[in-house]
Each structure stands twice: as C-alpha cells, then as structure tokens.
Amino acid sequence: SLLALSGVHAQSLDPVRLAQVKEFISQVRHPDQVDMLSAVRGIAPANTEAYVMAVADDPSQGGAVRLRSFGLLGNFNASPVVRAFLESRMENSSLNESYRQMAVTSLVRAFYGTDPIGIENALRRVQNTSSETMRLHASGILENVRRGETKPAGEPQRHRHNGHQRHSR
C-alpha cells in the first residue's frame with residue numbers, strides 16, 4: 001500500500017538530516033519555494049523528496065510546516081513516488097482538508113504538464129467523492145491550469161508582479 005511505502009521511506013532516512021529538514025522548514029518566515037527547495041536539497045541531497053514526504057506526513061509537525069512540505073512536493077515532477085504519495089493524500093478523507101488541498105495543488109503543478117489526462121482523472125475522483133470545499137478547490141485548480149497558469153494555487157510568481165496576485169488589485 002502507499003501508506004506502507006512512505007513508511008519504508010521514513011525508516012531509511014538519516015534521522016539527523018530529517019531533523020535538520022524539519023528544523024529548516026519550520027524556521028522559514030516568508031518561504032520562497034525555489035530557495036526553500038534548494039536549501040532542503042543542500043541538507044538532504046540524496047532522496048530529497050522522501051525527506052519532504054516524511055515531514056508532510058508527520059503529525060507531530062505544526063500545520064504550517066506540513067503545508068509547506070506538501071507545497072514543496074509540487075517541485076518533484078519526475079518522481080512517481082511523489083505522485084502516488086500526493087494522490088493518496090488528496091483522496092484520504094480522514095486527512096485534514098488543508099493538507100488535501102495542498103496535495104491537489106502540488107499534484108497539478110508537478111504532473112499536469114506531462115500527464116494532463118491522468119491528472120484530470122485524479123481530480124475528477126476528488127470532485128466525485130469529497131466535500132464541497134475539496135470539489136471547489138479541485139475545480140478551481142483545473143480551470144486555472146486549463147487556462148495555462150503555471151502557479152495554479154495563485155501563489156505569487158517568483159520575482160514577477162502581475163495581476164494574478166490577489167493582493168495587487
């Protein structure tokens with residue numbers, strides 16, 4: 001099962017590096033995805049995504065830390081393990097809805113470009129089986145990526161200011 005798969009990853013991780021990754025993600029005040037990812041890769045250069053998945057799945061971590069970790073997973077677009085992890089968390093109705101929404105966002109950001117049909121099917125599963133909040137989130141993200149937006153969650157573009165930022169109007 002996918003849950004067991006992520007447990008295997010957690011067991012094979014260096015506990016010192018994992019603690020450093022958790023510490024770093026928890027200390028960042030105004031995180032920029034690119035800078036955060038590069039720092040985490042510096043701490044855990046091998047199997048970086050497994051460390052990030054372990055933090056995202058760690059109930060002892062605060063909500064902001066877990067959300068940032070789910071968000072970072074949107075950068076691992078070559079990893080079938082990350083894709084399976086995000087899909088399983090997105091569909092897990094017992095998981096906090098904020099984490100599920102961030103899993104949807106990261107899944108789309110990482111994999112829509114290479115497998116739009118597969119991702120649309122995954123989002124349809126969420127739309128058919130979830131709460132209204134999750135259905136609206138999945139629909140909104142789907143509309144955004146179909147329009148060609150590369151930052152489907154509405155997060156600010158790096159070093160660019162445009163009309164898509166909510167606070168700029």
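Computed from heavy atoms alone, side chains included, the values below leave out hydrogens, waters and symmetry copies. From a predicted model like this one, the values you see are computed outputs, not experimental measurements.
The structure places CG of Leu142 at 11.0 Å from NE2 of His137, a figure rounded to the nearest 0.5 Å. The structure places OH of Tyr112 at 12.0 Å from CD1 of Ile141, a figure rounded to the nearest 0.5 Å. Here Phe70 contributes atom CZ and Thr105 contributes atom OG1; the two are 11.5 Å apart, rounded to the nearest 0.5 Å. Interatomic distance, CG of Leu72 versus CD1 of Ile25, reported as 5.5 Å (0.5 Å rounding). With rounding to the nearest 0.5 angstrom, the CE atom of Met134 is 12.5 Å from the CG atom of Asn128. Distance CD1/Ile43 to CG/Asp14: 11.5 Å, rounded to 0.5 Å.
Using a 4.0 Å cut-off between charged side-chain N and carboxylate O, Asp58 and Lys22 make a salt bridge.
Nearest heavy-atom pair across Ser131 and Glu97 is OG-OE2, 2.6 Å. Across all their heavy atoms, Ser69 and Val52 have their closest contact at O-CG1, 3.3 Å. Smallest separation of non-hydrogen atoms from Arg17 and Pro45: NH1-CD, 3.7 Å. Of all the heavy atoms in Ala110 and Gly74, the pair that sits closest is CB-O, 3.4 Å.
Side-chain contact check for Phe76 versus Phe85: every heavy-atom pair is 4.5 Å or farther apart.
For the residue pair Gln127 / Ser139, a side-chain donor-acceptor distance below 3.5 Å is found, with atom types taken as modelled. Side-chain contact of Asn144 with Arg147: a donor-acceptor pair under 3.5 Å is present, judged by distance alone.
Between the side chain of Asp57 and the backbone N or O of Met53, no donor-acceptor pair lies under 3.5 Å. The closest donor-acceptor contact from the side chain of Ser26 to the backbone of Val65 lies at 3.5 Å or more, if one exists at all. Under a 3.5 Å cut-off, the side chain of Arg66 and the backbone N or O of Ala56 do form a donor-acceptor pair. With Arg89 contributing its side chain and Ala103 its backbone, the two residues share no donor-acceptor pair below 3.5 Å.
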Practice task
Dump the intermediate steps for salt bridge (charged side-chain N to carboxylate O under 4.0 Å, His left out) on Arg100 and Glu91, then the final yes or no.
Solution key: CA-CA 7 Å; Arg100 293 178 67 202; Glu91 294 175 6; over 6 Å; no
Problem - Worked verdict on Arg124 versus Asn121 for side chain to side chain contact (heavy atoms under 4.5 Å, CB included) - result: CA-CA 5 Å; Arg124 269 198 268 302; Asn121 288 337; 3.5 Å; yes
Exercise for the section: Walk me through it: do Ile119 and Thr114 pass the test side chain to side chain contact (heavy atoms under 4.5 Å, CB included)? Expected result: CA-CA 9 Å; Ile119 296 305; Thr114 53; over 6 Å; no
Exercise for the section: Applying side chain to side chain contact (heavy atoms under 4.5 Å, CB included), run through Leu73 and Met102 and close with a yes or a no. Expected result: CA-CA 9 Å; Leu73 291 170; Met102 190 56 83; over 6 Å; no
Exercise for the section: Show your working on side chain to side chain contact (heavy atoms under 4.5 Å, CB included) between Met90 and Tyr99 and close with a plain yes or no. Expected result: CA-CA 8 Å; Met90 160 185 97; Tyr99 304 140; over 6 Å; no
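For residues 71-82, every residue pair satisfying the side-chain hydrogen bond (donor to acceptor under 3.5 Å, both in side chains) rule, not counting sequence neighbours, is listed here: Gln33-Asn75. Screening residues 73-84 for salt bridge (charged side-chain N to carboxylate O under 4.0 Å, His left out), with sequence neighbours left out, gives Arg83-Glu87, Arg83-Asp115. The list of ring pair (Phe, Tyr, Trp, His ring centres under 6.0 Å) pairs with a residue in residues 33-60, not counting sequence neighbours, is empty.
In this structure, Leu95 is a member of the same hydrophobic cluster as Val81, with clusters built from ILVMFWY side-chain heavy atoms closer than 4.5 Å.
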